[in-house]
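I have placed the structure first, in the form of structure tokens, so that the comments after it can refer back to it.
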Amino acid sequence: MTEETPPPNADDAAIDRWHEAAVTAGLGVFDRDLVAGSVYRSPELLAQWDYDASTADRPADAKAVIHPDDRARYEGRLVDIDSGAADSTRIELRMRARDGSWRWVRWTARIAGRDANGRATRVIGSVADIHELHEAAERAQESQLRLQGIVDSAMDAIISIDEAQRITLFNRAAERIFGYGAGEVMGQPLTMLMPDRFHERHPTHVDGFGHTGISSRPMMSQRIVSAKRKGGEEFPIDASISQSSLGHGRIFTVILRDVSIRERTQRELAQAREDLRELSVASRTAREQENSRISRELHDELGQNLTSLKMDLAWLEANTPADESRVRRTLVAMRSVLDSTVAATRRISADLRPLMLDDLGLAAALEWLVEETARRHGFDVDLQVDELSANIAEPLASQIYRIVQESLTNAGRHAAARNVRVHVRAIGPEIHLDVQDDGRGIAPDDLRKKGSFGLVGIRERVYILAGSVEMRGDPGRGTAIHVRLPIPAEAGS
Ligand SMILES: Nc1ncnc2c1ncn2[C@@H]1O[C@H](COP(=O)(O)OP(=O)(O)OP(=O)(O)O)[C@@H](O)[C@H]1O
Ligand SMILES: [Mg+2]
């Protein structure tokens, strides 16, 4: 590229050579004679810029061509040069082109001769049109500022590193999250932001990533899931890394967020769920125990009393003379009331809690339940309970019993089933309960029917036992309920 002014202390021949080269390069050239007070302006200079042709040989004319806002700066430089204070000068300013538009130029000047006092006698220089360059630079700066704004307002930390893994960008969020000012980390190795145990492995990770050619990916796969604050505190992060190739190398950008609050909230939520579940278990257990107590009282106390009443009534009947017909009729009515009271007491007692469950275990209780329901609804039940499940302890036993009870009732009430299969098996650490009917098949909408609590109850029981449940209806072919319940260590037999 051509120098925009001749070299210092150039002789006339050198200045001529420079002049020629500058003109060839498209620069406008001027040559001022400060003693004579005249100026030579090259044809290129005059052709391009809006000089007044009649005054073009007078230096003062230049002012009119320079943008009013830039004039003071221009004149300051001129004084520096003319007084001999500066050897050369260079300034960017706007000049009026022939078409009247203002264009950015680079104006350069150099002293080419001095008097005995050191003041300039000859000054030469050039004017280069750099308008496009200037505009491009301004646009670049604008977009740089815009980008900076985005980067700085981002909630996530944005950190760029060069190929040597030194930090080249550190936004505000990064400052907030890590506790470092950008000035403290710029140019430092990225490892300063990582827990020590990652120091060795990490650089190879990034290198490996650089060679994959992938432009971005979450960092989970890199297993860098925690970072280190200024004080040394470690914290969990979600991070992704991306790379872009620049002319002179690659840069990697990491976007990350501090997820310690999220993780803590998740932990607390899980804990609250667990607490709630335990509470439900406790309250269900308490209710079952209460039911069991009332059921036993009904059965033992009331049942015994009713039985003895019945015996007394039988004795009365046997000992009442045949001609006492009114008394005999009353006795018959009393016996019928007594019979239905006994039946009601049994029913209420069994509904509250099948005592068989406590006395004979789950298998026996289910057998009784299945027999009762099958008789009531007129379907056949294939019941299979394996050995381990037959004697499973509380709270599983009563929950399984209640789930089967609700499922059988549903099969009777809604399915119009002819056959129902009830299988209870221990598989590994779980009890698997399957209730399958061959009825009309539950509709998807019915799985969460408003105002219905049977299926909700099943789900809740399964939930408090930390199990899982699937309910599936096949239209016209039946409904299947599959429940899996983990066996607590102390509940196995
Ligand atoms: N085995 C089944 N076959 C077909 N439809 C069923 C079956 N079980 C349940 N449904 C349908 O799903 C709905 C919801 O059942 P759910 O047991 O929750 O309530 P419910 O039996 O109607 O009332 P309840 O609260 O007394 O149990 C039922 O109303 C019925 O329409
Ligand atoms: Mg129901």
Side-chain angles (χ1 to χ4, degrees), residues 276-277 280-281 283-288 290-292 294-295 298 343-344 346-354 356-357 362-363 365-385 389 395-425 430-485:
L276 208 61
R277 209 176 60 78
S280 298
V281 174
S283 91
R284 283 242 175 222
T285 309
R287 216 172 85 196
E288 289 287 345
E290 183 66 4
N291 283 355
S292 175
I294 299 171
S295 170
L298 278 176
R346 276 216 194 105
R347 204 182 57 243
I348 294 168
S349 161
D351 274 354
L352 272 174
R353 167 98 188 163
M356 242 180 287
L357 204 51
L362 179 63
L366 284 180
E367 261 163 45
W368 176 82
L369 174 68
V370 157
E371 217 167 278
E372 284 285 297
T373 354
R375 198 164 39 77
R376 199 172 329 139
H377 296 293
F379 48 55
D380 284 331
V381 179
D382 162 32
L383 174 70
Q384 287 183 29
V385 182
S389 317
L396 260 70
S398 28
Q399 300 308 327
I400 292 171
Y401 180 87
R402 296 295 182 199
I403 294 171
V404 173
Q405 187 177 38
E406 173 60 28
S407 306
L408 287 177
T409 308
N410 277 351
R413 276 172 58 193
H414 310 298
R418 306 176 60 162
N419 296 285
V420 184
R421 216 170 63 188
V422 179
H423 286 187
V424 191
R425 285 164 298 175
E430 294 174 324
I431 297 278
H432 287 231
L433 161 63
D434 286 286
V435 182
Q436 210 167 337
D437 68 50
D438 60 355
R440 66 174 171 85
I442 187 166
D445 285 350
D446 286 341
L447 289 172
R448 293 185 187 275
K449 200 167 178 176
K450 274 226 156 61
S452 292
F453 298 102
L455 299 180
V456 176
I458 292 180
R459 282 196 204 92
E460 195 207 323
R461 288 170 198 279
V462 170
Y463 172 70
I464 65 177
L465 294 172
S468 63
V469 57
E470 274 171 62
M471 303 180 179
R472 221 177 37 246
D474 198 353
R477 313 187 69 165
T479 302
I481 295 182
H482 179 62
V483 173
R484 296 161 69 148
L485 302 171

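For clarity, every value in this text was computed on a predicted model and none was experimentally measured. For ligands, and for the atoms within them, numbers begin at 1 and follow the listed sequence.
- Residue pairs meeting the salt bridge (Lys or Arg N to Asp or Glu O under 4.0 Å) criterion with at least one member in residues 461-483, sequence neighbours excluded: Glu470-Arg472.
- Relative to atom 19 (O) of ligand 1, the option among Pro475, Ser452, Gly473 with the closest non-hydrogen atom is Ser452.
- Applying the ring pair (Phe, Tyr, Trp, His ring centres under 6.0 Å) test to residues at least two apart or on different chains, the pairs with a partner in residues 431-480 are His432-His482.
- With values rounded to the nearest 0.5 angstrom, Leu485 atom CG is found 5.5 Å from Ile400 atom CD1.
- Between the CG atom of Asp437 and the CG atom of Asn419 there is a distance of 9.5 Å, given to the nearest 0.5 Å.
- Checking only distances, Gly451 never comes within under 3.5 Å of ligand 1, N or O to N or O.
- The number of protein N/O/S atoms found under 2.8 Å from the Mg ion (ligand 2) is 2.
- Taken from CG in Leu362 to CD in Glu367, the straight-line distance is 10.0 Å, to the nearest 0.5 Å.
- Atoms of ligand 1 lying under 4.0 Å from any heavy atom of Lys449, numbered from 1 in the order shown and given with element: 13 (C), 28 (C), 29 (O), 31 (O).
- Taking Arg402 as the reference, Glu288 meet the salt bridge (Lys or Arg N to Asp or Glu O under 4.0 Å) condition, with sequence neighbours excluded.
- The proximity of Ile442 to ligand 1, defined as any non-hydrogen pair under 4.0 Å, involves the side chain as well as the backbone.
- Scanning the protein heavy atoms around atom 14 (C) of ligand 1, the nearest turns out to be Asp446 O, 3.6 Å.
- Contacts of Thr409 with ligand 1, taken as heavy-atom pairs under 4.0 Å, are absent altogether.
- Of the possible polar contacts, one joining the Thr479 side chain to the Ile442 backbone as a donor-acceptor pair under 3.5 Å is found.
- Note that CG of Leu455 is 8.0 Å distant from OG of Ser407, once rounded to the nearest 0.5 Å.
- When Val420, Asn410, Leu408, Ile481 are checked for heavy-atom proximity to atom 17 (O) of ligand 1, Asn410 turns out nearest.
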